[in-house]
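Remarks on the structure that follows.
Within every chain, numbering begins at 1; the chains are lettered A, B, ... in the order of the sequence lines, protein sequences first and strands thereafter.
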2 protein chains.
Amino acid sequence: MATGRTHRPATRSRGIPEATVARLPLYLRALTALSERSVPTVSSEELAAAAGVNSAKLRKDFSYLGSYGTRGVGYDVEYLVYQISRELGLTQDWPVVIVGIGNLGAALANYGGFASRGFRVAALIDADPAMAGKPVAGLPVRHTDELESIIRDNGVSIGVIATPAGAAQQVCDRLVAAGITSILNFAPTVLSVPDGVDVRKVDLSIELQILAFHEQRKAGEESGPAAAAAARPGAPARASAPAAGGGKGPEGDVPAVMPA
Amino acid sequence: MATGRTHRPATRSRGIPEATVARLPLYLRALTALSERSVPTVSSEELAAAAGVNSAKLRKDFSYLGSYGTRGVGYDVEYLVYQISRELGLTQDWPVVIVGIGNLGAALANYGGFASRGFRVAALIDADPAMAGKPVAGLPVRHTDELESIIRDNGVSIGVIATPAGAAQQVCDRLVAAGITSILNFAPTVLSVPDGVDVRKVDLSIELQILAFHEQRKAGEESGPAAAAAARPGAPARASAPAAGGGKGPEGDVPAVMPA
DNA sequence: ATGCCTTTGTGAACGCGTGCACAAAGATGG
DNA sequence: CCATCTTTGTGCACGCGTTCACAAAGGCAT
(Lines give C-alpha, C1' and ligand atoms only; values in the text may rest on other atoms or scores of the structure.)
Protein backbone atom coordinates (compact mmCIF):
# COMPACT_ATOMS: atom_id res chain seq x y z
CA MET A 1 0.00 0.00 0.00
CA ALA A 2 1.06 3.43 -0.73
CA THR A 3 -0.59 4.70 2.26
CA GLY A 4 -1.35 3.94 5.82
CA ARG A 5 -3.43 5.43 8.50
CA THR A 6 -1.91 7.35 11.31
CA HIS A 7 -3.27 7.70 14.78
CA ARG A 8 -6.47 6.04 15.87
CA PRO A 9 -5.49 2.35 15.86
CA ALA A 10 -7.88 0.74 13.41
CA THR A 11 -11.15 2.06 14.74
CA ARG A 12 -14.02 0.21 13.19
CA SER A 13 -16.36 3.11 12.99
CA ARG A 14 -19.82 1.67 13.44
CA GLY A 15 -18.93 -1.92 12.74
CA ILE A 16 -17.49 -1.53 9.26
CA PRO A 17 -13.93 -2.84 9.32
CA GLU A 18 -11.25 -0.49 8.12
CA ALA A 19 -10.17 -2.96 5.45
CA THR A 20 -13.69 -2.98 4.06
CA VAL A 21 -13.90 0.81 3.97
CA ALA A 22 -10.70 0.87 1.96
CA ARG A 23 -12.28 -1.40 -0.65
CA LEU A 24 -15.61 0.40 -0.98
CA PRO A 25 -14.22 3.01 -3.38
CA LEU A 26 -12.96 0.14 -5.52
CA TYR A 27 -16.40 -1.41 -5.71
CA LEU A 28 -17.92 1.97 -6.34
CA ARG A 29 -15.73 2.55 -9.35
CA ALA A 30 -16.55 -0.82 -10.87
CA LEU A 31 -20.24 -0.26 -10.22
CA THR A 32 -20.15 3.19 -11.76
CA ALA A 33 -18.64 1.71 -14.90
CA LEU A 34 -21.44 -0.85 -15.03
CA SER A 35 -24.01 1.84 -14.40
CA GLU A 36 -22.73 3.82 -17.36
CA ARG A 37 -23.22 0.78 -19.52
CA SER A 38 -26.76 0.46 -18.16
CA VAL A 39 -26.12 -2.96 -16.69
CA PRO A 40 -29.04 -3.52 -14.30
CA THR A 41 -27.69 -6.22 -11.99
CA VAL A 42 -24.38 -7.85 -11.26
CA SER A 43 -23.36 -10.98 -9.35
CA SER A 44 -20.75 -10.98 -6.63
CA GLU A 45 -18.55 -13.07 -8.89
CA GLU A 46 -18.63 -10.60 -11.77
CA LEU A 47 -18.24 -7.54 -9.61
CA ALA A 48 -15.39 -9.12 -7.69
CA ALA A 49 -13.57 -9.82 -10.93
CA ALA A 50 -14.06 -6.22 -12.03
CA ALA A 51 -12.77 -4.89 -8.75
CA GLY A 52 -9.90 -7.34 -8.59
CA VAL A 53 -10.86 -9.05 -5.37
CA ASN A 54 -12.15 -12.37 -4.10
CA SER A 55 -15.93 -12.84 -4.40
CA ALA A 56 -16.28 -14.12 -0.84
CA LYS A 57 -14.52 -11.03 0.44
CA LEU A 58 -16.82 -8.82 -1.57
CA ARG A 59 -19.93 -10.50 -0.21
CA LYS A 60 -18.67 -10.21 3.34
CA ASP A 61 -17.84 -6.56 2.76
CA PHE A 62 -21.35 -5.89 1.51
CA SER A 63 -22.82 -7.80 4.42
CA TYR A 64 -21.48 -5.10 6.74
CA LEU A 65 -23.57 -2.55 4.88
CA GLY A 66 -26.71 -4.63 4.98
CA SER A 67 -28.49 -7.14 2.80
CA TYR A 68 -28.66 -5.33 -0.48
CA GLY A 69 -28.50 -8.33 -2.80
CA THR A 70 -31.09 -10.73 -4.14
CA ARG A 71 -30.28 -14.41 -3.90
CA GLY A 72 -30.22 -16.15 -7.20
CA VAL A 73 -29.90 -12.82 -9.04
CA GLY A 74 -27.20 -10.58 -7.66
CA TYR A 75 -27.01 -6.91 -6.77
CA ASP A 76 -28.95 -4.00 -8.25
CA VAL A 77 -26.23 -1.78 -9.69
CA GLU A 78 -27.90 1.60 -9.23
CA TYR A 79 -29.08 0.83 -5.75
CA LEU A 80 -25.67 -0.37 -4.68
CA VAL A 81 -23.97 2.69 -6.16
CA TYR A 82 -26.21 4.83 -4.02
CA GLN A 83 -25.75 2.80 -0.86
CA ILE A 84 -21.96 2.80 -1.10
CA SER A 85 -21.87 6.48 -1.99
CA ARG A 86 -23.98 7.26 1.03
CA GLU A 87 -21.87 5.08 3.30
CA LEU A 88 -18.70 6.78 2.12
CA GLY A 89 -20.28 10.17 2.56
CA LEU A 90 -20.06 11.02 -1.12
CA THR A 91 -23.66 12.15 -1.44
CA GLN A 92 -22.60 15.41 0.08
CA ASP A 93 -20.16 17.99 -1.20
CA TRP A 94 -16.67 18.01 0.27
CA PRO A 95 -14.67 21.17 -0.33
CA VAL A 96 -10.92 20.55 -0.26
CA VAL A 97 -7.89 22.78 -0.40
CA ILE A 98 -4.64 21.80 -2.08
CA VAL A 99 -1.53 23.33 -0.57
CA GLY A 100 1.66 23.39 -2.61
CA ILE A 101 1.07 23.97 -6.30
CA GLY A 102 4.20 22.49 -7.80
CA ASN A 103 4.16 19.76 -10.40
CA LEU A 104 2.25 17.40 -8.17
CA GLY A 105 -0.15 19.98 -6.82
CA ALA A 106 -1.03 21.08 -10.34
CA ALA A 107 -1.53 17.46 -11.37
CA LEU A 108 -3.91 16.98 -8.45
CA ALA A 109 -5.78 20.16 -9.28
CA ASN A 110 -6.32 18.88 -12.80
CA TYR A 111 -7.25 15.38 -11.71
CA GLY A 112 -10.80 14.67 -12.76
CA GLY A 113 -11.28 11.93 -10.22
CA PHE A 114 -11.90 14.41 -7.46
CA ALA A 115 -14.79 16.35 -8.91
CA SER A 116 -16.54 13.22 -10.04
CA ARG A 117 -16.72 11.85 -6.52
CA GLY A 118 -18.24 14.74 -4.66
CA PHE A 119 -14.99 16.55 -3.96
CA ARG A 120 -14.74 20.20 -4.93
CA VAL A 121 -11.43 22.01 -5.04
CA ALA A 122 -12.21 25.10 -3.00
CA ALA A 123 -8.79 26.67 -3.44
CA LEU A 124 -5.19 26.14 -4.51
CA ILE A 125 -2.68 27.58 -2.11
CA ASP A 126 1.04 28.21 -2.54
CA ALA A 127 3.70 30.00 -0.55
CA ASP A 128 5.38 31.49 -3.61
CA PRO A 129 4.12 35.07 -4.13
CA ALA A 130 5.00 34.76 -7.81
CA MET A 131 2.39 32.03 -8.16
CA ALA A 132 -0.40 34.09 -6.63
CA GLY A 133 -3.17 34.86 -9.07
CA LYS A 134 -1.90 32.50 -11.74
CA PRO A 135 -4.65 30.24 -12.98
CA VAL A 136 -4.13 26.51 -12.50
CA ALA A 137 -6.89 24.14 -13.58
CA GLY A 138 -9.16 27.14 -13.92
CA LEU A 139 -8.58 28.41 -10.40
CA PRO A 140 -6.39 31.31 -9.34
CA VAL A 141 -3.61 30.29 -6.97
CA ARG A 142 -4.00 31.94 -3.58
CA HIS A 143 -1.19 32.90 -1.25
CA THR A 144 -0.53 31.08 2.00
CA ASP A 145 -1.51 34.18 3.95
CA GLU A 146 -5.10 33.52 2.99
CA LEU A 147 -5.05 29.91 4.16
CA GLU A 148 -6.99 30.42 7.36
CA SER A 149 -9.66 32.64 5.89
CA ILE A 150 -10.20 30.35 2.90
CA ILE A 151 -10.73 27.37 5.15
CA ARG A 152 -13.12 29.18 7.46
CA ASP A 153 -15.11 30.88 4.71
CA ASN A 154 -15.61 27.69 2.75
CA GLY A 155 -16.07 25.33 5.66
CA VAL A 156 -13.24 23.14 4.41
CA SER A 157 -12.47 20.08 6.51
CA ILE A 158 -10.17 18.16 4.15
CA GLY A 159 -6.73 19.38 3.14
CA VAL A 160 -4.21 18.01 0.66
CA ILE A 161 -0.53 18.67 1.26
CA ALA A 162 1.68 18.61 -1.84
CA THR A 163 4.50 20.78 -0.59
CA PRO A 164 8.18 19.85 -0.26
CA ALA A 165 8.89 17.72 2.79
CA GLY A 166 10.47 20.58 4.67
CA ALA A 167 7.32 22.67 4.67
CA ALA A 168 4.81 19.91 5.28
CA GLN A 169 4.65 19.91 9.08
CA GLN A 170 4.34 23.67 9.23
CA VAL A 171 1.54 23.66 6.67
CA CYS A 172 -0.09 20.80 8.51
CA ASP A 173 -0.07 22.71 11.79
CA ARG A 174 -1.70 25.71 10.17
CA LEU A 175 -4.34 23.56 8.49
CA VAL A 176 -5.20 21.87 11.76
CA ALA A 177 -5.29 25.16 13.63
CA ALA A 178 -7.67 26.51 11.00
CA GLY A 179 -10.06 23.64 11.53
CA ILE A 180 -9.01 20.93 9.06
CA THR A 181 -9.67 17.45 10.45
CA SER A 182 -8.59 15.22 7.55
CA ILE A 183 -5.31 15.44 5.69
CA LEU A 184 -4.02 13.68 2.62
CA ASN A 185 -0.24 13.98 2.68
CA PHE A 186 1.94 13.61 -0.39
CA ALA A 187 5.08 14.99 1.22
CA PRO A 188 7.62 12.33 2.23
CA THR A 189 7.45 13.09 5.93
CA VAL A 190 5.75 11.76 9.00
CA LEU A 191 3.22 14.33 10.12
CA SER A 192 2.29 14.67 13.75
CA VAL A 193 -1.23 15.79 14.43
CA PRO A 194 -3.46 16.02 17.49
CA ASP A 195 -6.06 13.37 18.25
CA GLY A 196 -9.17 13.63 16.17
CA VAL A 197 -7.30 14.51 12.99
CA ASP A 198 -6.95 11.79 10.37
CA VAL A 199 -3.90 11.61 8.18
CA ARG A 200 -3.44 9.40 5.17
CA LYS A 201 -0.24 9.44 3.22
CA VAL A 202 0.67 8.66 -0.34
CA ASP A 203 4.34 8.14 -0.95
CA LEU A 204 5.49 7.70 -4.49
CA SER A 205 9.01 6.52 -3.82
CA ILE A 206 8.00 4.02 -1.16
CA GLU A 207 5.90 2.15 -3.67
CA LEU A 208 8.82 1.91 -6.04
CA GLN A 209 11.05 0.64 -3.27
CA ILE A 210 8.61 -2.12 -2.45
CA LEU A 211 8.53 -3.09 -6.10
CA ALA A 212 12.33 -3.10 -6.17
CA PHE A 213 12.37 -5.50 -3.25
CA HIS A 214 10.21 -8.02 -5.07
CA GLU A 215 12.05 -7.43 -8.30
CA GLN A 216 15.33 -8.21 -6.60
CA ARG A 217 13.88 -11.36 -5.15
CA LYS A 218 12.67 -12.46 -8.57
CA ALA A 219 16.09 -11.82 -10.05
CA GLY A 220 17.72 -13.82 -7.28
CA GLU A 221 15.38 -16.75 -7.71
CA GLU A 222 15.58 -17.02 -11.43
CA SER A 223 18.95 -18.76 -11.33
CA GLY A 224 17.72 -21.06 -8.59
CA PRO A 225 17.75 -20.66 -4.82
CA ALA A 226 21.44 -21.52 -4.86
CA ALA A 227 22.37 -18.19 -6.39
CA ALA A 228 20.38 -16.26 -3.84
CA ALA A 229 21.82 -18.31 -1.02
CA ALA A 230 25.34 -17.85 -2.29
CA ALA A 231 25.00 -14.12 -2.49
CA ARG A 232 23.60 -13.76 0.97
CA PRO A 233 25.85 -15.17 3.68
CA GLY A 234 28.82 -13.19 2.49
CA ALA A 235 27.56 -10.09 4.19
CA PRO A 236 30.19 -7.42 3.87
CA ALA A 237 31.96 -6.34 7.03
CA ARG A 238 30.73 -3.20 8.65
CA ALA A 239 33.71 -1.26 7.45
CA SER A 240 33.08 -1.92 3.79
CA ALA A 241 29.47 -0.83 3.89
CA PRO A 242 29.00 1.97 1.39
CA ALA A 243 27.00 4.88 2.71
CA ALA A 244 24.04 4.40 0.46
CA GLY A 245 22.27 7.71 0.31
CA GLY A 246 24.32 9.18 3.06
CA GLY A 247 25.76 11.75 0.71
CA LYS A 248 24.12 14.96 -0.31
CA GLY A 249 20.57 13.74 0.06
CA PRO A 250 18.30 15.24 -2.55
CA GLU A 251 14.53 15.17 -2.35
CA GLY A 252 14.51 17.28 0.78
CA ASP A 253 14.15 14.71 3.49
CA VAL A 254 13.61 16.51 6.69
CA PRO A 255 15.04 15.50 10.05
CA ALA A 256 12.09 14.10 11.87
CA VAL A 257 13.65 12.87 15.06
CA MET A 258 14.48 15.06 17.97
CA PRO A 259 17.97 14.65 19.30
CA ALA A 260 17.87 12.74 22.56
CA MET B 1 -3.46 2.57 2.27
CA ALA B 2 -3.33 4.04 -1.09
CA THR B 3 -2.09 0.94 -2.58
CA GLY B 4 -2.44 -2.75 -2.46
CA ARG B 5 -0.68 -5.66 -3.95
CA THR B 6 -2.19 -7.63 -6.71
CA HIS B 7 -1.65 -11.28 -7.46
CA ARG B 8 0.63 -13.41 -5.38
CA PRO B 9 -1.28 -13.67 -2.11
CA ALA B 10 1.04 -12.17 0.46
CA THR B 11 4.14 -14.14 -0.29
CA ARG B 12 6.64 -13.67 2.45
CA SER B 13 9.66 -13.76 0.24
CA ARG B 14 12.34 -15.36 2.32
CA GLY B 15 10.72 -14.93 5.67
CA ILE B 16 10.31 -11.17 5.67
CA PRO B 17 6.61 -10.40 6.12
CA GLU B 18 5.01 -8.20 3.53
CA ALA B 19 3.97 -5.70 6.19
CA THR B 20 7.59 -5.36 7.26
CA VAL B 21 8.80 -4.82 3.71
CA ALA B 22 6.29 -2.00 3.37
CA ARG B 23 7.77 -0.28 6.40
CA LEU B 24 11.43 -0.64 5.49
CA PRO B 25 11.38 2.41 3.18
CA LEU B 26 9.93 4.38 6.08
CA TYR B 27 12.77 3.41 8.35
CA LEU B 28 15.25 4.05 5.58
CA ARG B 29 14.04 7.61 5.16
CA ALA B 30 14.26 8.36 8.86
CA LEU B 31 17.71 6.79 9.01
CA THR B 32 18.90 8.78 6.01
CA ALA B 33 17.83 11.97 7.73
CA LEU B 34 19.81 10.95 10.81
CA SER B 35 22.77 10.02 8.68
CA GLU B 36 22.79 13.47 7.11
CA ARG B 37 22.95 14.96 10.55
CA SER B 38 25.85 12.66 11.34
CA VAL B 39 24.03 10.94 14.17
CA PRO B 40 26.06 7.79 14.85
CA THR B 41 23.55 5.58 16.65
CA VAL B 42 19.84 5.57 17.36
CA SER B 43 17.64 3.61 19.73
CA SER B 44 14.54 1.75 18.60
CA GLU B 45 12.46 4.21 20.57
CA GLU B 46 13.86 7.27 18.82
CA LEU B 47 13.79 5.75 15.39
CA ALA B 48 10.26 4.49 15.87
CA ALA B 49 9.11 7.97 16.81
CA ALA B 50 10.78 9.39 13.72
CA ALA B 51 9.15 6.80 11.49
CA GLY B 52 5.79 7.09 13.17
CA VAL B 53 5.52 3.52 14.36
CA ASN B 54 5.56 1.51 17.56
CA SER B 55 9.03 0.69 18.87
CA ALA B 56 8.19 -2.95 19.47
CA LYS B 57 7.07 -3.26 15.88
CA LEU B 58 10.27 -1.69 14.67
CA ARG B 59 12.42 -4.05 16.67
CA LYS B 60 10.46 -7.02 15.40
CA ASP B 61 10.81 -5.76 11.86
CA PHE B 62 14.55 -5.46 12.22
CA SER B 63 14.76 -8.89 13.78
CA TYR B 64 13.69 -10.34 10.44
CA LEU B 65 16.75 -8.80 8.84
CA GLY B 66 19.12 -10.06 11.50
CA SER B 67 20.61 -8.84 14.73
CA TYR B 68 22.01 -5.51 13.70
CA GLY B 69 21.60 -3.69 16.99
CA THR B 70 23.71 -3.46 20.11
CA ARG B 71 21.93 -3.96 23.40
CA GLY B 72 22.22 -1.05 25.71
CA VAL B 73 23.23 1.23 22.83
CA GLY B 74 20.94 1.00 19.84
CA TYR B 75 21.52 0.72 16.12
CA ASP B 76 24.44 1.99 14.08
CA VAL B 77 22.81 4.41 11.66
CA GLU B 78 25.17 4.01 8.71
CA TYR B 79 25.25 0.25 9.01
CA LEU B 80 21.49 0.01 9.18
CA VAL B 81 21.07 2.32 6.19
CA TYR B 82 23.24 -0.03 4.21
CA GLN B 83 21.53 -3.21 5.39
CA ILE B 84 18.05 -1.94 4.62
CA SER B 85 19.17 -0.55 1.26
CA ARG B 86 20.64 -3.89 0.38
CA GLU B 87 17.55 -5.78 1.52
CA LEU B 88 15.32 -3.55 -0.56
CA GLY B 89 17.61 -3.91 -3.54
CA LEU B 90 18.49 -0.24 -3.63
CA THR B 91 22.24 -0.77 -3.83
CA GLN B 92 21.76 -1.47 -7.50
CA ASP B 93 20.50 0.80 -10.21
CA TRP B 94 16.89 0.37 -11.32
CA PRO B 95 16.03 1.92 -14.65
CA VAL B 96 12.35 2.80 -14.90
CA VAL B 97 10.14 4.09 -17.68
CA ILE B 98 7.23 6.43 -17.15
CA VAL B 99 4.39 6.05 -19.62
CA GLY B 100 1.89 8.87 -19.97
CA ILE B 101 3.44 12.31 -19.64
CA GLY B 102 0.45 14.38 -18.60
CA ASN B 103 0.35 16.46 -15.47
CA LEU B 104 0.97 13.49 -13.25
CA GLY B 105 3.62 11.91 -15.46
CA ALA B 106 5.52 15.18 -15.56
CA ALA B 107 5.26 15.50 -11.80
CA LEU B 108 6.66 12.01 -11.40
CA ALA B 109 9.48 12.74 -13.84
CA ASN B 110 10.44 15.76 -11.77
CA TYR B 111 10.11 13.96 -8.46
CA GLY B 112 13.48 13.89 -6.77
CA GLY B 113 12.60 10.95 -4.56
CA PHE B 114 13.21 8.52 -7.36
CA ALA B 115 16.77 9.38 -8.28
CA SER B 116 17.84 9.53 -4.66
CA ARG B 117 16.83 5.94 -4.03
CA GLY B 118 18.61 4.17 -6.82
CA PHE B 119 15.91 4.64 -9.42
CA ARG B 120 16.88 6.14 -12.74
CA VAL B 121 14.30 7.40 -15.19
CA ALA B 122 15.41 5.70 -18.39
CA ALA B 123 12.73 7.27 -20.55
CA LEU B 124 9.49 9.19 -20.64
CA ILE B 125 6.98 7.79 -23.09
CA ASP B 126 3.78 9.30 -24.42
CA ALA B 127 1.32 8.39 -27.15
CA ASP B 128 0.85 11.96 -28.32
CA PRO B 129 3.12 12.64 -31.34
CA ALA B 130 3.05 16.34 -30.49
CA MET B 131 4.84 15.56 -27.23
CA ALA B 132 7.65 13.64 -28.88
CA GLY B 133 10.99 15.33 -28.47
CA LYS B 134 9.78 17.86 -25.96
CA PRO B 135 12.02 17.99 -22.92
CA VAL B 136 10.41 17.14 -19.58
CA ALA B 137 12.58 17.10 -16.51
CA GLY B 138 15.60 17.21 -18.76
CA LEU B 139 14.60 14.20 -20.82
CA PRO B 140 13.11 14.20 -24.29
CA VAL B 141 9.69 12.55 -24.45
CA ARG B 142 9.73 9.45 -26.65
CA HIS B 143 6.84 8.14 -28.65
CA THR B 144 4.99 4.97 -27.74
CA ASP B 145 6.30 3.28 -30.87
CA GLU B 146 9.71 3.11 -29.24
CA LEU B 147 8.39 1.52 -26.05
CA GLU B 148 9.62 -1.99 -26.74
CA SER B 149 13.06 -0.99 -27.97
CA ILE B 150 13.61 1.37 -25.05
CA ILE B 151 12.79 -1.33 -22.54
CA ARG B 152 14.98 -3.93 -24.20
CA ASP B 153 17.93 -1.62 -24.81
CA ASN B 154 17.99 -0.33 -21.26
CA GLY B 155 17.10 -3.56 -19.51
CA VAL B 156 14.17 -1.90 -17.81
CA SER B 157 12.13 -4.13 -15.51
CA ILE B 158 9.99 -1.53 -13.72
CA GLY B 159 7.33 0.55 -15.43
CA VAL B 160 5.17 3.40 -14.19
CA ILE B 161 1.77 3.92 -15.78
CA ALA B 162 0.39 7.46 -15.57
CA THR B 163 -1.94 7.35 -18.55
CA PRO B 164 -5.69 7.89 -18.56
CA ALA B 165 -7.63 4.89 -17.31
CA GLY B 166 -8.76 3.93 -20.79
CA ALA B 167 -5.24 3.38 -22.07
CA ALA B 168 -3.79 1.72 -18.99
CA GLN B 169 -4.50 -1.94 -19.73
CA GLN B 170 -3.22 -1.65 -23.27
CA VAL B 171 -0.02 0.04 -22.11
CA CYS B 172 0.29 -2.55 -19.38
CA ASP B 173 0.06 -5.40 -21.87
CA ARG B 174 2.77 -3.88 -24.04
CA LEU B 175 5.03 -3.30 -21.06
CA VAL B 176 4.63 -6.88 -19.92
CA ALA B 177 5.18 -8.23 -23.42
CA ALA B 178 8.37 -6.18 -23.63
CA GLY B 179 9.71 -7.74 -20.45
CA ILE B 180 8.55 -5.48 -17.61
CA THR B 181 7.90 -7.49 -14.43
CA SER B 182 6.93 -4.75 -11.96
CA ILE B 183 4.35 -2.06 -12.54
CA LEU B 184 3.37 0.98 -10.52
CA ASN B 185 -0.10 1.99 -11.66
CA PHE B 186 -1.53 5.47 -11.19
CA ALA B 187 -4.46 4.96 -13.53
CA PRO B 188 -7.78 4.32 -11.80
CA THR B 189 -8.25 0.85 -13.23
CA VAL B 190 -7.72 -2.71 -12.19
CA LEU B 191 -4.92 -4.11 -14.30
CA SER B 192 -4.78 -7.76 -15.18
CA VAL B 193 -1.34 -9.20 -15.58
CA PRO B 194 0.11 -12.70 -15.93
CA ASP B 195 1.64 -14.50 -12.97
CA GLY B 196 5.09 -13.33 -12.09
CA VAL B 197 4.30 -9.66 -12.70
CA ASP B 198 3.84 -7.46 -9.64
CA VAL B 199 1.43 -4.57 -9.71
CA ARG B 200 1.11 -1.89 -7.09
CA LYS B 201 -1.43 0.85 -7.44
CA VAL B 202 -1.70 4.37 -6.17
CA ASP B 203 -5.13 5.86 -6.39
CA LEU B 204 -5.54 9.49 -5.51
CA SER B 205 -9.30 9.62 -5.33
CA ILE B 206 -9.62 6.46 -3.26
CA GLU B 207 -7.61 8.02 -0.49
CA LEU B 208 -9.88 11.04 -0.44
CA GLN B 209 -12.94 8.82 -0.31
CA ILE B 210 -11.59 6.99 2.70
CA LEU B 211 -10.98 10.31 4.41
CA ALA B 212 -14.51 11.40 3.56
CA PHE B 213 -15.87 8.30 5.24
CA HIS B 214 -14.12 9.08 8.50
CA GLU B 215 -14.95 12.75 8.18
CA GLN B 216 -18.61 11.90 7.82
CA ARG B 217 -18.44 9.69 10.86
CA LYS B 218 -16.85 12.46 12.89
CA ALA B 219 -19.55 14.89 11.80
CA GLY B 220 -22.25 12.42 12.75
CA GLU B 221 -20.77 11.77 16.16
CA GLU B 222 -20.25 15.36 17.17
CA SER B 223 -23.92 15.90 17.96
CA GLY B 224 -24.05 12.61 19.84
CA PRO B 225 -24.77 9.10 18.61
CA ALA B 226 -28.46 9.99 18.59
CA ALA B 227 -28.09 12.18 15.55
CA ALA B 228 -26.24 9.50 13.65
CA ALA B 229 -28.79 6.89 14.67
CA ALA B 230 -31.70 9.11 13.71
CA ALA B 231 -30.29 9.75 10.28
CA ARG B 232 -29.70 6.13 9.54
CA PRO B 233 -32.83 3.95 9.76
CA GLY B 234 -34.77 6.21 7.44
CA ALA B 235 -33.04 4.72 4.45
CA PRO B 236 -34.68 6.09 1.35
CA ALA B 237 -36.71 3.70 -0.75
CA ARG B 238 -35.00 2.23 -3.74
CA ALA B 239 -36.93 4.42 -6.11
CA SER B 240 -35.71 7.65 -4.59
CA ALA B 241 -32.06 6.74 -4.74
CA PRO B 242 -30.27 9.39 -6.77
CA ALA B 243 -27.86 7.96 -9.29
CA ALA B 244 -24.75 9.27 -7.65
CA GLY B 245 -22.12 9.47 -10.33
CA GLY B 246 -24.22 7.59 -12.80
CA GLY B 247 -24.31 10.57 -15.10
CA LYS B 248 -21.69 11.50 -17.59
CA GLY B 249 -18.80 10.08 -15.62
CA PRO B 250 -15.68 12.14 -16.06
CA GLU B 251 -12.26 10.90 -15.12
CA GLY B 252 -12.41 8.18 -17.70
CA ASP B 253 -13.51 5.18 -15.74
CA VAL B 254 -13.23 2.20 -17.95
CA PRO B 255 -15.58 -0.75 -18.02
CA ALA B 256 -13.59 -3.47 -16.37
CA VAL B 257 -16.08 -6.29 -16.24
CA MET B 258 -16.83 -8.56 -19.10
CA PRO B 259 -20.52 -9.02 -19.82
CA ALA B 260 -21.62 -12.43 -18.69
C1' DA C 1 -47.69 -25.67 -6.30
C1' DT C 2 -43.43 -28.05 -6.52
C1' DG C 3 -38.76 -28.94 -7.50
C1' DC C 4 -34.47 -27.30 -9.33
C1' DC C 5 -31.00 -24.03 -9.99
C1' DT C 6 -28.48 -19.93 -8.93
C1' DT C 7 -26.53 -16.79 -5.77
C1' DT C 8 -26.40 -14.53 -1.43
C1' DG C 9 -25.20 -14.13 3.41
C1' DT C 10 -22.57 -15.95 7.18
C1' DG C 11 -20.60 -19.33 10.73
C1' DA C 12 -16.27 -21.08 11.59
C1' DA C 13 -11.40 -21.96 11.01
C1' DC C 14 -7.09 -20.22 9.97
C1' DG C 15 -3.19 -17.16 9.39
C1' DC C 16 -0.98 -12.82 9.68
C1' DG C 17 0.15 -8.70 12.12
C1' DT C 18 0.48 -6.22 16.41
C1' DG C 19 1.68 -5.18 21.01
C1' DC C 20 3.00 -6.64 25.67
C1' DA C 21 6.27 -7.91 28.69
C1' DC C 22 10.48 -9.89 29.92
C1' DA C 23 14.81 -12.32 29.70
C1' DA C 24 19.33 -11.98 27.57
C1' DA C 25 23.14 -9.13 26.27
C1' DG C 26 26.14 -5.66 26.29
C1' DA C 27 27.93 -1.13 28.09
C1' DT C 28 29.44 1.53 31.94
C1' DG C 29 31.09 2.79 36.45
C1' DG C 30 33.10 1.58 40.71
C1' DC D 1 35.69 -8.27 38.45
C1' DC D 2 31.14 -7.23 39.82
C1' DA D 3 26.91 -4.62 39.98
C1' DT D 4 23.82 -1.83 37.69
C1' DC D 5 21.57 0.21 33.98
C1' DT D 6 20.05 0.51 29.28
C1' DT D 7 18.25 -1.43 25.22
C1' DT D 8 17.68 -5.21 22.16
C1' DG D 9 15.45 -9.45 20.58
C1' DT D 10 11.52 -12.45 21.05
C1' DG D 11 7.92 -15.74 23.12
C1' DC D 12 3.23 -15.27 23.67
C1' DA D 13 -1.44 -13.86 23.39
C1' DC D 14 -4.89 -11.40 21.13
C1' DG D 15 -7.58 -9.43 17.44
C1' DC D 16 -8.41 -8.42 12.68
C1' DG D 17 -8.88 -9.96 8.06
C1' DT D 18 -9.37 -13.63 4.77
C1' DT D 19 -11.15 -17.73 2.99
C1' DC D 20 -13.87 -21.86 2.88
C1' DA D 21 -17.98 -24.07 2.69
C1' DC D 22 -22.76 -24.40 3.23
C1' DA D 23 -27.45 -23.43 4.56
C1' DA D 24 -31.06 -20.21 3.46
C1' DA D 25 -33.47 -17.63 0.04
C1' DG D 26 -35.28 -16.29 -4.02
C1' DG D 27 -36.29 -16.94 -9.15
C1' DC D 28 -37.94 -19.85 -12.78
C1' DA D 29 -39.67 -23.64 -15.34
C1' DT D 30 -42.82 -27.23 -15.48
Side-chain donor/acceptor of B/K60 to base of C/dG19, under 3.5 Å: yes

Residue-phosphate contact under 4.0 Å: A/Y75 side-chain N/O, C/dG9 OP1/OP2: yes

B/S44 side chain near D/dT8 phosphate (N/O to OP1/OP2, under 4.0 Å):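 True: B/S44 side-chain N/O within range (under 4.0 Å) of D/dT8 OP1/OP2.
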
Whole angstroms only, please: what is the [atom1]-[atom2] distance between [X] and [N]?
| X | N | atom1 | atom2 | value |
| --- | --- | --- | --- | --- |
| B/E45 | D/dG9 | CD | P | 14 Å |
| A/K57 | C/dT7 | NZ | P | 22 Å |
| A/N54 | C/dG15 | CG | C1' | 15 Å |
| B/L80 | D/dT8 | CG | P | 11 Å |
| A/Y64 | D/dC16 | OH | P | 10 Å |
| A/Y79 | C/dT8 | OH | C1' | 15 Å |
| A/L47 | C/dG9 | CG | P | 12 Å |
| A/R59 | D/dT19 | CZ | P | 12 Å |

Could you tell me whether the side chains of [X] and [Y] share a donor-acceptor contact shorter than 3.5 Å?
| X | Y | value |
| --- | --- | --- |
| A/Y82 | A/E78 | no |
| A/D61 | A/T20 | yes |
| A/T181 | B/E215 | yes |

Sugar-phosphate only, base, or nothing, as touched by A/F62 at under 4.0 Å among non-hydrogen atoms: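 The answer is nothing, as A/F62 stays clear of every strand by at least 4.0 Å.
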
Nucleotide nearest [X] (side chain, heavy atoms from C-beta), chosen from [options]:
| X | options | answer |
| --- | --- | --- |
| B/R23 | D/dT18, C/dC20, C/dT18 | C/dT18 |
| B/E18 | C/dT10, D/dT10, C/dG17 | C/dG17 |
| A/A56 | D/dT18, D/dC20, D/dG17 | D/dC20 |

Sub-6.0 Å ring centroid separation between B/F114 and B/Y111: yes

Aromatic contact, A/Y68 with A/F62 (centres under 6.0 Å):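 For A/Y68 and A/F62, the ring centres are not under 6.0 Å apart.
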
Nucleotides 24-30 of chain C: protein proximity per nucleotide (B base, S sugar-phosphate only, - neither; heavy atom, under 4.0 Å): BB-S---

Main-chain N/O of A/T189 paired with A/N185 side-chain donor or acceptor, under 3.5 Å: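 Yes, because the side chain of A/N185 sits within donor-acceptor range (under 3.5 Å) of the backbone of A/T189.
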
Whichever of B/S63 and A/D61 has its nearest DNA chain D nucleotide further upstream toward 5':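 Closest to the 5' end, via its nearest nucleotide, is B/S63.
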
side-chain contact (heavy atoms from CB on, under 4.5 Å) between A/I84 and A/Y27, worked out: CA-CA 8 Å; A/I84 294 179; A/Y27 303 143; 4.1 Å; yes

